[in-house]
Amino acid sequence: MIQPTIAKRDVTMHILQTFGIHMSKKLGQNFLVNEQIVQGIVAAAMVKADEEVLEIGPGIGTLTQGLLEAGARVTAVEIDRRLLDVLAKTLAGYEKLRIIHGDILRINISEEMPCPKYKVVANLPYYITTPIIMGLLERRLPLELLVTMVQKEVAERMVAAPGTKDYGALSVAVQYYTKPEIMFIVPPSSFMPPPAVESAVIRCLVRDEPPVAVSSEKVFFRMVKAAFSQRRKTLANALKTTGASADMVKAALEKAGIDGGRRGETLSLDEFAAIANVWQQ
Ligand code: SAM
């Protein structure tokens, strides 16, 4: 340990006071102040020495320090310029660290992470959780896994099974690209300031191949979006929002062997794939 442990209430308070930092609610700044949670995240990510890790939003370096102590090579992307001076101080002496000042939704991640395989580990800013996760997955980056802190409710949606209230387009997309698993729940008291909601650490193991064969991913996700766009409608009606005629929808559902009277949220990935694969558009 080169520096004192940051994941403590008094150390965090001291750092913030020293640098005169007022945390920004707008940027989702809720810093971890619980060492066990940091260790839990590092363990969930199964970080080994010299593995490449992309961290989103290092803040004052709390989780970053845990990753570096485990021997990872960390590239950390932080949007808040004020925190760059803080990080230079709190993580001084760690040689396997590279800090990038930027917006994770705008930087060219492939350029910044040219390595053949890497892990994403982050305590995410909650205001952009879904665009970050979907952006990483849709770009087909060479990720081995993602271990992220998210709102508990979002974690539940990511792992939800068909027919449950949490099942939606996010569940299908995350389960198409990864095998997600909720690792543990984190109470608001583990953060400074405490967020209004409970959080969860979720691990998503990125699949080499999707679990279902689809001839066009574009069509597959168009079906998923349409099916969930009108949750109260039957599948046959919801699919008409794609612009297809009633006859076309009926023919496709018959061919796929799926009852159009069902609700979209009862469909498994296999069933969405079956419809997408006979869709004539
Ligand atoms: N990793 C630290 C921890 O665990 O205590 C801080 C986590 S805090 C929940 C989220 C961090 O993401 C903040 O430092 C915030 O400034 C940063 N952030 C917010 N929006 C961002 C964006 N678009 N790109 C990169 N970082 C962002």
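Counting starts at 1 for both ligands and their atoms, following the listed order.
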| query | Does the distance from a Lys or Arg side-chain N to an Asp or Glu carboxylate O, for K8 and D10, drop under 4.0 Å? | reply | no

| task | Below 4.0 Å from any atom of ligand 1, which residues have a heavy atom? Give them in chain and number order, please. | result | L27, G28, Q29, N30, F31, L32, E55, G57, P58, G59, T62, V77, E78, I79, D80, L83, G102, D103, I104, N123, L124, P125, Y127, I128

| What's the shortest heavy-atom distance between T62 and L32, and which atoms? | CG2-O, 3.3 Å

| query | Can you check whether F220 and Y176 have ring centres sitting under 6.0 Å from each other? | reply | yes

| message | With a 6.0 Å cut-off on the ring centroids, do F228 and Y167 count as close? | response | yes

| Does CZ in R140 sit with more than 12 non-hydrogen atoms of other residues, nucleotides or ligands closer than 6.0 Å? | yes

Donor-acceptor list for residues 199-208 side chains, cut-off 3.5 Å, not counting sequence neighbours:
unit_1: S199; atom_1: OG; unit_2: Y126; atom_2: OH; d: 2.6
unit_1: R203; atom_1: NH1; unit_2: A44; atom_2: O; d: 2.8
unit_1: R207; atom_1: NE; unit_2: Q175; atom_2: O; d: 3.0
unit_1: R207; atom_1: NE; unit_2: T178; atom_2: O; d: 3.2
unit_1: R207; atom_1: NH2; unit_2: Q175; atom_2: O; d: 3.3

